[in-house]
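Heads up: the structure comes next, in structure tokens.
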Amino acid sequence: MQRQFDRHYNPSAIERPWYEHWLELDLFSCPDSTDQPRYSILMPPPNVTGVLTMGHVLNNTIQDLYIRYHRKLGKVACWFPGLDHAGIATQSKVEAELLRTEGKTRWDLGREEFLRRVWQWKEQYGGIILEQLRSLGVSCDWKRTLFTMDESASNAVREVFIRLFDAGLIYRGKRIINWSPVLQSALSDEEVVYRQVEDTLYTLKYQLEGDGDEFVAVATVRPETIFGDVAVAVHPEDERYRHLIGKKVRVPLTDRLVPIIADSYVDPTFGTGCLKITPAHDPNDFEIGVRHSLPVLASINADGRLNHVAGPYEGMERFAARTQIVADLRAAGLLVNEQPYVHNVGFSERSGEPVEPFYSDQWFVRMQPLAEPALQVVLDGTIRFFPEHWTKTYEHWMRNIRDWCISRQLWWGHRIPVYYAADGRYTAARSAEHAREKLGLSPTAELRQDEDSLDTWFSSWLWMLTTMRWLHDGKTEDTPILRTYLPTDLLVTGPDIIFFWVARMIMASLYFRGVVPFRDVYFTSIIRDDKGRKMSKSLGNSPDPLKLIATYGADAVRYTVLYLAPVGQDVRITVDPVTQDAPQMELGRNFANKLWNAARFLALKADEVGVGADRTPQPTDDELGLPERWIRSRLHATIRLVDEHLERYRINDYVRTLYDFFWHDYCDWYIELLKIRLQQLESLQQRQGLVRFSLQVFEDALGLLHPLMPFITEELWHRLGLREPDRSLCTELLPKHNPHFELPHVEQQMALLMNAIEQFRMLKATANLKPTDLPPASFRADGSTAEMLRANAPLIAALARIELPTLVDTNAQKPRGALSAIVGDAEVFIVVGDHVLQRERERLLAERARLEHLLAQTRARLANEQFLQRAKPDVVENERAKEATFAEALEKINASLHHLMEQQ
RNA sequence: GCGGUCUUAGCUCAGUUGGUUAGAGCGUCACGUUGACAUCGUGAAGGCCAGUGGUUCGAGUCCACUAGACCGCACCA
């Protein structure tokens, strides 16, 4: 090998160049159509404002793993990347900047100018996350990158709106919706998060009409809404209030009289049993209002301030008003009681303030008809969820689905393609002309387009279609890409957007295309800190992935994250609060370094024996020794397990399988054995064969590991093979599983050999011998065990660091001054002298106790008639074998103990 | 209130349809550097598998309940 190997692997030197090289070779790009087997994944588009988080790392590493794996199976593997315009996040960001730098609001600029600024911002700062993803090594087909505000996507969004409108699935209606006073926009139910809040429950006096002192007491946590009261409701059966039904009470602090009505919604056991009805500011009150034909009286405006209905409080912010009103009520003697009260309050997920139930005109999608078939495909297994239990959550939501509020009072987003005529009629249309046509108006008729824009998810739910150019011009239904890549094979996403995105994509794909958007959905773990909190920017408990990549290498980060993330379980990553470092990444770094050094060793040996880039000729099967046949057996078991684990999305099993093979089988055992074998073999030709064989196994394993650790595997593959620069491990086929190479008897023999070595080492440690001390050693064995041990005695001696062990006959005496241990059906001894016999005795006694316990357990089982009758025959057989093994071992221990006594 | 998940070594977690003597990494202890790797090697210590009951010949694994941690959804002012 010509290239120099440093003592340590240095990822930063090679990662970026390899990624650029891959792009130059155009390895990730896929044709629009193909006759080959294909595999496709849609990347959940990150927000255009986003920066790389640990969540993205986990998510995209899994996607890259599968894309690379299938590419190496020889498929056309297409990964569709993209960016989400993120209406609220992006608009807020640009508005904040505008306010800071120019002291202006979006209204100061006007819609057109403001949007120009947002686009400007997008061009300048947006989408850096895609750049950051590259440092992770993701192998997307970059030329397919789609931005949800691109013209092609916008055309599809508009067309979809029109179709759903024409089909009666989109409608406009005046409803109580979740309003964000900060964003000045409606929100969908999914954009509201509920949190427990400690509030005060106020009990207010509503005086009965007339001059008397009679009143009803009404409890509320929101006294600032009293100006919107239109009634007080009691339960129809409530004896306390029955006589009052139909009478009128005065709303506190006003002269307004409202009726007392009866409605069974009221819980007579809660509070005072009287409920104030404020239809404009509470969804339940709204329902009651409808039932009783009550007016809707809004007393809070869109900006969260009280309006003229609130009289003197007009213009006050809702929470400031509450404080003032409570003070005034108290002063007026209208406050009967105040008590602490804990309840749930809805907050705007994005802007953080409590949402205001708000009565307004909004656009909705009728979900019921869409949900029905979308639930079906998940229940019948057409789409599979991993882990499966998420289907329950999905089903629960789908069965209780509510209409989707899609209008947002934002500017950044797809504008609602609805046009209003002067006479109040309206329709959804591609253009004003189109609208006039649909409404039967003259070509010059005045039209006004709806000012609102669409919920960001209204473009996201079309992702599998728009990325594949569906309706990119507003009319082309079918494209080669759609025919080739839809349905996609896998979607990898967090369970937190199962409703926002996953469910809605399934609905849209079925409705518009008649197929499912994907076959399998893998829900990732949620990454938490060591205290179990979600990682978030505001808590400052999230490490910067780019920094981790710089410190440990992308491969190490990929490796560690997947190693730590079991299916469906949250994963905890410890973060140093000061340095933001995540020391667990050492796990991956150490593994990468181990690989590097194994390669370094192989390169050294290749130079030593004069092996070059050529892997042929390989030794014939007859020329392979036990260690070679064993490591090949392990390799093929590993190939098989990799397939099985990935097929079942048992990702951390895949990672552990490779770890065990590389570190334990290959490095700890095979390389150590190889060292001895190379010393033993006289013939240069044989030694060359052995090195070529070892390199081949190593390179096959590199292929298996490449989807997980693309950079280091590519680097080593090139170094060890001196490959042409235009070849890449990315597109080399994976090694094929060959069942004939998996040899159980070879694995058994090696297990015995390894066990013998371990027992010798243990005995040496028991005797406090130095590694360099080489005690005399022997085996007591017969049959095939004796044969195997004798044949491999030099290997055992070298690896256990003992003198070449001699074989003694089964009826031979244990040597004087020897320590003993059991290896399968054999015994091994080292001779150390009498000074450690006390320690040996203790060890043997402990071992005897353990064996006696096991033997008793096994015998008890075998003495049980029921067990013998009902257990499967192989289980019983196994139990008998155990009994024999334990009994034999116990006998040997007892003999050793007896022998020990005689020596003392 | 409805639905879901979790509780295994000091820590973080594996443990597939019930069936060998419950595993790994980190940490701890002891020993070890004249060449693949101290980002390493060898050996050791460390577990009533949250608790209780049940099903079974057999339970970490299945069922029920209890306790604790958590996630959805729906919510009474």
Side-chain angles (χ1 to χ4, degrees), chain A residues 5 7-9 189 194 201-202 218-222 233 265-267 269-278 282 284-285 341 343-344 387 389-393 395-397 400 495-496 498-499 526 528 530 532 552 556 563-566 568-574 583-584 586-587 589-605 644-645 648 650 652-653 656 659-660 664 667-668 671-672 675 758 761-766 768-772 799-801 850-851 853-854 857-858 861 864-872 874-876 878-879 881-882 885-886:
Chain A
F5 269 89
R7 260 171 92 85
H8 296 301
Y9 171 55
D189 294 334
Y194 287 88
L201 184 63
Y202 302 96
V218 175
T220 180
V221 283
R222 300 201 58 194
Y265 171 80
V266 181
D267 177 359
T269 62
F270 188 88
T272 60
C274 297
L275 174 63
K276 73 190 204 61
I277 303 300
T278 322
D282 183 286
N284 293 310
D285 290 9
Y341 183 62
H343 66 147
N344 281 340
H389 71 253
W390 287 110
T391 55
K392 293 256 186 187
T393 306
E395 184 180 355
H396 190 253
W397 189 71
N400 299 291
D496 47 334
I498 185 165
F499 310 135
I526 291 172
R528 301 177 179 279
D530 46 357
Y552 298 98
Y563 181 90
L564 291 176
Q569 256 0 89
D570 291 351
V571 51
R572 290 179 183 221
I573 293 182
T574 309
Q584 273 160 307
E586 286 176 8
L587 219 143
R589 184 199 56 183
N590 293 355
F591 183 56
N593 190 58
K594 191 75 178 173
L595 286 177
W596 176 262
N597 272 289
R600 184 173 179 237
F601 172 78
L602 290 173
L604 217 71
K605 290 297 156 189
E644 286 174 11
H645 290 147
R648 297 161 68 187
R650 304 192 59 94
N652 66 335
D653 284 346
R656 279 161 214 261
Y659 177 91
D660 285 342
H664 294 131
C667 292
D668 286 351
I671 285 187
E672 294 308 316
K675 287 177 183 171
E758 284 167 344
R761 286 170 178 166
M762 184 271 291
L763 292 179
K764 274 189 75 178
T766 305
N768 271 343
L769 294 183
K770 285 190 196 151
T772 44
L799 292 188
R801 305 254 242 162
R850 194 180 71 96
L851 282 168
H853 175 71
L854 289 172
Q857 223 174 29
T858 308
R861 218 167 289 164
N864 184 339
E865 270 311 307
Q866 301 275 18
F867 173 70
L868 297 175
Q869 277 169 23
R870 305 208 189 183
K872 278 177 263 167
D874 58 317
V875 173
V876 177
N878 201 344
E879 213 60 27
K882 270 163 65 180
T885 309
F886 294 150

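Throughout, protein chains are lettered first and strands after them, A, B, ... in sequence-line order, and every chain is numbered starting at 1.
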P spacing across the pair B:A67 / B:G23, given as an integer number of angstrom
34 Å
Can you tell me which nucleotide in B:G3, B:A36, B:A77 comes closest to the side chain of A:Lys392?
B:G3
Look only at the side chain of A:Asn597 and the backbone of A:Asn593, and say whether a donor-acceptor pair between them is shorter than 3.5 Å.
yes
If the cut-off is 4.0 Å, is A:Arg7 near the phosphate of B:A38, judged by side-chain N/O to OP1 or OP2?
yes
Sugar-phosphate only, base, or nothing, as touched by A:Phe499 at under 4.0 Å among non-hydrogen atoms:
sugar-phosphate
Under 4.0 Å, heavy atoms only, any strand: does A:Leu275 hit a base, just the sugar-phosphate, or nothing?
base
Taking all non-hydrogen atoms of both residues, which atom of A:Tyr552 and which atom of A:Pro583 are closest, and how far apart?
OH-CA, 3.8 Å
Give a yes/no answer on whether the side chain of A:Arg600 brings an N or O atom under 4.0 Å of OP1 or OP2 in B:C37.
yes
Can you tell me how the ring of A:Tyr563 sits relative to the ring of A:Tyr659, calling it parallel under 30°, perpendicular over 60° and tilted otherwise?
tilted
For the side chain of A:Glu672, counting heavy atoms from C-beta on, which of B:G25, B:A77, B:A36 is nearest?
B:A36
Between A:Leu604 and A:Phe5, does a side-chain contact (heavy atoms from CB on, under 4.5 Å) hold up when you go through it step by step?
CA-CA 9 Å; A:Leu604 217 71; A:Phe5 269 89; over 6 Å; no
Taking atom P of B:A77 as reference, at what distance in whole Å does atom CG of A:Leu201 sit?
8 Å
Between B:C37 and B:A59, how many Å separate the two C1' atoms, rounded to a whole number?
43 Å
Should A:Tyr563 be listed as having a side-chain N or O under 4.0 Å from OP1 or OP2 of B:A24?
no
Mind checking if A:Lys675 touches a base, just sugar-phosphate, or nothing, with heavy atoms under 4.0 Å?
base
According to a strict under-4.0 Å criterion, is A:His853 in side-chain N/O contact with OP1 or OP2 of B:U21?
no
Short heteroatom pairs, N/O only, protein and nucleotides 41-44 of chain B, under 3.5 Å:
from	atom 1	to	atom 2	distance (Å)
B:G41	OP1	A:Lys594	NZ	3.3
B:G41	OP1	A:Trp663	NE1	2.5

From C-beta outward on A:Arg861, which listed nucleotide comes closest to its side chain: B:U21, B:A77, B:G15?
B:U21
Kindly give the heavy-atom pair with the smallest separation between A:Trp390 and A:Ile498, and that separation in Å.
O-CD1, 3.9 Å
How far does the C1' atom of B:C6 sit from the matching atom of B:G51, given to the nearest Å?
16 Å
Selection from B:G19, B:G72, B:U21 that lies nearest to any side-chain heavy atom of A:Lys872
B:G19
Tell me which nucleotide among B:G3, B:U21, B:A36 gets nearest to the side chain of A:Leu854.
B:U21
For A:Asp285 and A:Thr278, the nearest pair of non-hydrogen atoms, with its separation, is OD2-N, 2.7 Å
Of A:His8 and A:Trp397, the one whose closest nucleotide on RNA chain B sits nearer the 5' end is A:His8
A:His389 stacking on B:U5: centroids under 5.5 Å, ring planes under 30°?
no
Given the C1' atoms of B:G60 and B:C71, what is the spacing between them in whole Å?
24 Å
Under 4.0 Å, heavy atoms only, any strand: does A:Val266 hit a base, just the sugar-phosphate, or nothing?
base
To the side chain of A:His343, which of B:A77, B:G72, B:A14 is closest?
B:A77
Without decimals, in angstroms, what is the distance between A:Asp660 CG and B:A24 P?
9 Å
Which part of the nucleic acid, if any, lies within reach of A:Tyr9 when heavy atoms closer than 4.0 Å are counted: base, sugar-phosphate only, or nothing?
nothing
Roughly how far apart, to the nearest Å, are B:A22 and B:G18 at atom C1'?
14 Å
Is any side-chain nitrogen or oxygen of A:His664 closer than 4.0 Å to OP1 or OP2 of B:G23?
no
Looking at A:His664, I'd like to know if its NE2 atom is crowded, meaning that more than 12 non-hydrogen atoms belonging to other residues, nucleotides or ligands lie closer than 6.0 Å.
yes
Under 4.0 Å: is that the gap between some side-chain N or O of A:Asn864 and OP1 or OP2 of B:G58?
no
Identify the heavy atoms of A:Ile573 and A:Leu564 that sit nearest to each other, and give their distance.
CG1-CD1, 4.2 Å
NE2-CZ distance between A:His396 and A:Phe499, expressed to the nearest 0.5 angstrom:
9.0 Å
Rounded to the nearest angstrom, tell me the gap between atom CD1 in A:Ile498 and atom P in B:G3.
17 Å
If you look at every strand shown and take non-hydrogen atoms under 4.0 Å, does A:Asp653 touch a base, only sugar-phosphate, or nothing?
sugar-phosphate
Between A:Arg801 and A:Pro771, what is the shortest heavy-atom contact and its length?
CB-O, 3.6 Å
Taking atom P of B:U20 as reference, at what distance in whole Å does atom CZ of A:Arg850 sit?
16 Å
C1' spacing across the pair B:G10 / B:G46, given as an integer number of angstrom
9 Å
When the P atoms of B:G72 and B:C29 are compared, how many Å lie between them, rounded to an integer?
41 Å
At 4.0 Å (heavy atoms only), tell me whether A:Val875 reaches a base, stays on the sugar-phosphate, or touches nothing.
base
Lys/Arg-Asp/Glu bridge criterion (N-O < 4.0 Å) met for A:Glu879, A:Lys882
yes
Rounded to whole Å, the CH2-P distance (A:Trp596 to B:A38) equals 14 Å
In whole Å, measure the gap between the P atoms of B:G53 and B:U16 for me.
25 Å
Could you tell me whether the side chains of A:Lys764 and A:Thr766 share a donor-acceptor contact shorter than 3.5 Å?
no
Look at all strands and tell whether A:Tyr202 reaches a base, only sugar-phosphate, or nothing, counting heavy atoms closer than 4.0 Å.
nothing
Where each residue is assigned the nucleotide of RNA chain B containing its nearest heavy atom, which of A:Asn878 and A:Phe601 is assigned the position nearer the 5′ end?
A:Asn878
Whole-Å distance, A:Asn597 CG to B:A36 P, equals 10 Å
Answer yes or no for A:Lys675 and A:Phe601: cation-pi contact, defined as NZ/CZ to six-membered ring centre under 6.0 Å and angle to ring axis within 45°.
yes
Under the 3.5 Å Watson-Crick or G-U criterion, the dot-bracket string of RNA chain B, with | for inter-strand pairs
(((((((..((((.....[...)))).(((((.......))))).....(((((..]....))))))))))))....
Per atom distances to the A:Lys882 side chain, the nearest of B:G25, B:U20, B:G3 is B:U20
What is the minimum heavy-atom distance between A:Ala598 and A:Ile671, and which atoms define it?
CB-CD1, 3.9 Å
Atom CD of A:Gln857 to atom C1' of B:G19: distance rounded to whole Å?
13 Å
Give one of base, sugar-phosphate or nothing for A:Cys667, where a contact means two heavy atoms less than 4.0 Å apart.
base
For A:Asn400 and B:G1, what is the distance between atoms CG and C1' respectively, to the nearest whole Å?
13 Å
